[in-house]
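To keep things clear, I will list the structure first and then write my remarks on it.
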Number of protein chains: 2
Amino acid sequence: MSASLALPVGAVLAPATMVYRQQTVRAHHPVDRLDTDRPVTCTLQFNQDRGIYGEGDDAEFFYKVMSGVVRTCRFLSDGRRQIDAFHVAGDLFGFEAGTEYSLTAEAVTDCTVASFRRQSVDVSRDLFAYAMRGMLRAQEHALLLGRRSAVEKVAAFLLDCAARARDAAVIELEMTRQDIADYLGLTIETVSRTLSMLEKNKTIAIFSPRRIRLCDRHALELLKA
Amino acid sequence: MSASLALPVGAVLAPATMVYRQQTVRAHHPVDRLDTDRPVTCTLQFNQDRGIYGEGDDAEFFYKVMSGVVRTCRFLSDGRRQIDAFHVAGDLFGFEAGTEYSLTAEAVTDCTVASFRRQSVDVSRDLFAYAMRGMLRAQEHALLLGRRSAVEKVAAFLLDCAARARDAAVIELEMTRQDIADYLGLTIETVSRTLSMLEKNKTIAIFSPRRIRLCDRHALELLKA
DNA sequence: CGTCCAGTTGACTCACCTCAAACGTGGTGG
DNA sequence: CCACCACGTTTGAGGTGAGTCAACTGGACG
């Protein structure tokens, strides 16, 4: 998606080894490699599953996704993971109320992000609006997690993906079943079973695990509600 | 809480009849009764369970709780309710990204709120910080709802209440079990059973349904994690 | 004293989780 | 070219935590 962008910097491959069901190793923060003479923005690349920043790191920067997908998530002490959001091209992430990141950000796919020094950007009306939308998004997510069944969650997720994609009928999932499960507060098996069931219903068609056609959008809307 | 405030207006008792397991009747919006010559702020009182505003209403105002407790929530079409947050004295609510409220606000207890005309208030650094904290809160809530068991949810809730109360040991729950259940994404029975279990554990003592002592705070912290 | 309502408790059910095995595709090496 | 492996995914069988339904409790109020 939006592959036409110039990718000037062959920067930063953070040394984090991502091990699921354990704490992520803290990502080596891109700060160190940034050119502080051009404080406004700097473009960085991350390979799949690399950490961009870790919960508790100093929140000096925030980011904009230029290409690829980024997840922001949090871990419980026993390794359970909750994904807060998937960020795609154009999305901002890494906004913080305090001085530290409250979430961990990692690359879902190989991706390119632009970083902005926090204090260099005015608290403009735009950013305020963005923060408000972030709050709304988080509230929707809480509603999804709190009061919906597995089918309802998966249906909502698929429709959400479709809404983001250019082609609304066939969607390309950029993330693993585990990512989806951790976003929806389910297990990988339940996600898989639910998708299979929707396929049997003729509600969707699964071309390959990551490539799905929404055959009966209306049925999905009904499930979601 | 903070009962020393002046309560100048005996205003607005919204005609909404709150019926659980059905859509709330849209609250009669306080707009109509506001003195538009003093656009900055106006103090309003609401009786228990009255609507303050409804999802979809024009978001002309936002509010600050002066006394009492307010809940913001959303309903699914079948009547399931998800409470987004409980707002106590000092908290702001009713911020919106768009022009309409995305949640419904209702009085949990009799309460007093100050209203602010939206455009009369500058998008100041303070409000921005508040929006960011709201986002953080919503994310924490999503983590709670997505990946935690009933005991963990209840433990987290109790600690949260204690953190807000002056006296950290004995907490006064201002809301019903149904409210708690809808906040935690559980049923009223599960909340009740879990509290009973914690009492049998000697982790808490239940003086009356709404009055609880946290005997073993450490145990609760462990559960929460 | 009876009614009402919030809360509690019990018995049973079921949606989702757990554990385990099989599948399929893409990559590597013989 | 095929055998093999690795890994993400699917499928199956069985267990369990929380939901459902229903009965009971206890304080507030008339």
Side-chain angles (χ1 to χ4, degrees), chain A residues 17-21 48-49 71 76 78-82 108-109 144-155 157-158 172-201 204-212 223, chain B residues 17-21 48-49 76 78-82 108-109 144-158 172-201 204-212 223:
Chain A
T17 53
M18 166 59 194
V19 184
Y20 188 58
R21 299 251 173 240
Q48 191 174 337
D49 287 330
R71 65 178 168 250
L76 297 187
D78 61 358
R80 281 176 292 179
R81 182 177 69 162
Q82 177 67 53
V108 172
T109 63
L144 186 71
L145 291 169
R147 283 294 176 206
R148 293 184 132 113
S149 68
V151 211
E152 291 170 336
K153 286 176 177 179
V154 171
F157 178 74
L158 291 174
E172 209 72 50
L173 300 176
E174 311 274 7
M175 67 290 290
T176 65
R177 292 286 186 268
Q178 187 65 65
D179 283 330
I180 299 172
D182 286 345
Y183 178 72
L184 298 177
L186 297 170
T187 59
I188 181 176
E189 293 96 332
T190 300
V191 171
S192 184
R193 266 186 259 273
T194 305
L195 288 171
S196 299
M197 195 211 72
L198 290 173
E199 188 180 30
K200 227 159 270 170
N201 286 353
I204 62 174
I206 305 177
F207 298 127
S208 80
R210 307 285 189 100
R211 214 180 141 69
I212 294 180
L223 282 174
Chain B
T17 54
M18 168 58 195
V19 183
Y20 188 61
R21 299 246 173 246
Q48 191 174 338
D49 286 330
L76 297 187
D78 61 359
R80 281 176 291 179
R81 182 176 69 162
Q82 177 68 52
V108 172
T109 64
L144 186 72
L145 291 169
R147 282 291 176 209
R148 294 185 133 113
S149 68
V151 212
E152 291 170 337
K153 286 177 178 179
V154 171
F157 178 74
L158 291 174
E172 209 72 50
L173 299 176
E174 313 271 7
M175 65 291 288
T176 65
R177 293 285 187 268
Q178 186 66 66
D179 282 330
I180 298 172
D182 286 346
Y183 178 72
L184 297 177
L186 297 170
T187 60
I188 182 175
E189 293 95 331
T190 299
V191 172
S192 185
R193 264 187 261 273
T194 304
L195 287 170
S196 300
M197 196 211 72
L198 290 173
E199 189 181 28
K200 226 160 270 171
N201 286 353
I204 63 173
I206 305 176
F207 299 126
S208 80
R210 305 287 188 100
R211 212 179 143 69
I212 293 180
L223 281 174

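Bear in mind that the values here come from a model prediction, so they are computed numbers and not experimental data. In what follows, chains carry the letters A, B, and so on, assigned in the order in which the sequence lines appear, proteins first and then strands, with residues in each chain numbered from 1.
- Side-chain contact between D179(A) and R81(A) is present, with at least one heavy-atom pair separated by less than 4.5 Å.
- Contact annotation for S149(B): backbone-only contact, meaning every heavy-atom pair under 4.0 Å involves sugar-phosphate atoms and none involves a base.
- The distance from atom CZ of R80(A) to atom C1' of dG17(D) is 13 Å, rounded to the nearest whole Å.
- The CD1-P distance, from I180(B) to dT8(C), rounds to 9 Å in whole Å.
- Atom CG in L145(A) sits roughly 17 Å away from atom C1' in dA15(C) (whole-Å rounding).
- L144(A) places none of its side-chain heavy atoms less than 4.5 Å from the side chain of E152(A).
- With rounding to whole Å, I204(B) atom CD1 is found 14 Å from dG7(C) atom C1'.
- Atom CG of D49(B) and atom P of dC5(C) are 13 Å apart (whole Å).
- Nearest heavy atom pair, residue V151(B) against residue M197(B), reads CG1-CE, 3.9 Å.
- Residue order along DNA chain C, read from the 5' end via each residue's closest nucleotide, puts R210(B) first among R210(B) and R148(A).
- When all heavy atoms are compared, the tightest approach of R211(B) to E172(B) is NH1-OE1, 2.6 Å.
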List every contact pair, protein side and nucleotides 11-14 of chain D side both N or O, where the distance is under 3.5 Å.
residue, atom, partner, partner atom, Å
dT11(D), OP2, S196(A), OG, 2.4
dG12(D), N7, R193(A), NH1, 2.8
dG12(D), O6, R193(A), NH2, 3.2

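- Nearest heavy atom pair, residue R71(A) against residue D49(A), reads NH2-OD1, 3.2 Å.
- Within 4.0 Å (heavy atoms only), L195(A) reaches no atom of the nucleic acid at all.
- Counting only distance, with no hydrogens or angles, the side chain of R177(A) and the backbone of I188(A) share no donor-acceptor pair below 3.5 Å.
- In this structure the side chain of R148(A) never reaches within 4.5 angstrom of the side chain of L184(A), judged on heavy atoms.
- Atoms CE (M197(A)) and C1' (dA15(C)) sit 12 Å apart, rounded to a whole Å.
- The backbone N or O of R80(A) sits nowhere less than 3.5 Å from a side-chain atom of R147(B) that would complete a donor-acceptor pair.
- Between the C1' atom of dA18(D) and the CG atom of L184(B) lies a distance of 13 Å, rounded to the nearest Å.
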inquiry  = Output one letter per nucleotide in nucleotides 25-30 of chain D: B when a protein non-hydrogen atom lies under 4.0 Å from the base, S when only the sugar-phosphate is that close, - when neither is.
reply    = ------

inquiry  = Checking L158(B) against L195(B) for the side-chain contact (heavy atoms from CB on, under 4.5 Å) test, could you report, in this order, the C-alpha distance in whole Å, the side-chain angles of both residues, the deciding distance, and whether it holds?
reply    = CA-CA 10 Å; L158(B) 291 174; L195(B) 287 170; 4.1 Å; yes

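- Between R177(B) atom CZ and dT8(C) atom C1' there is a gap of 9 Å when expressed in whole angstrom units.
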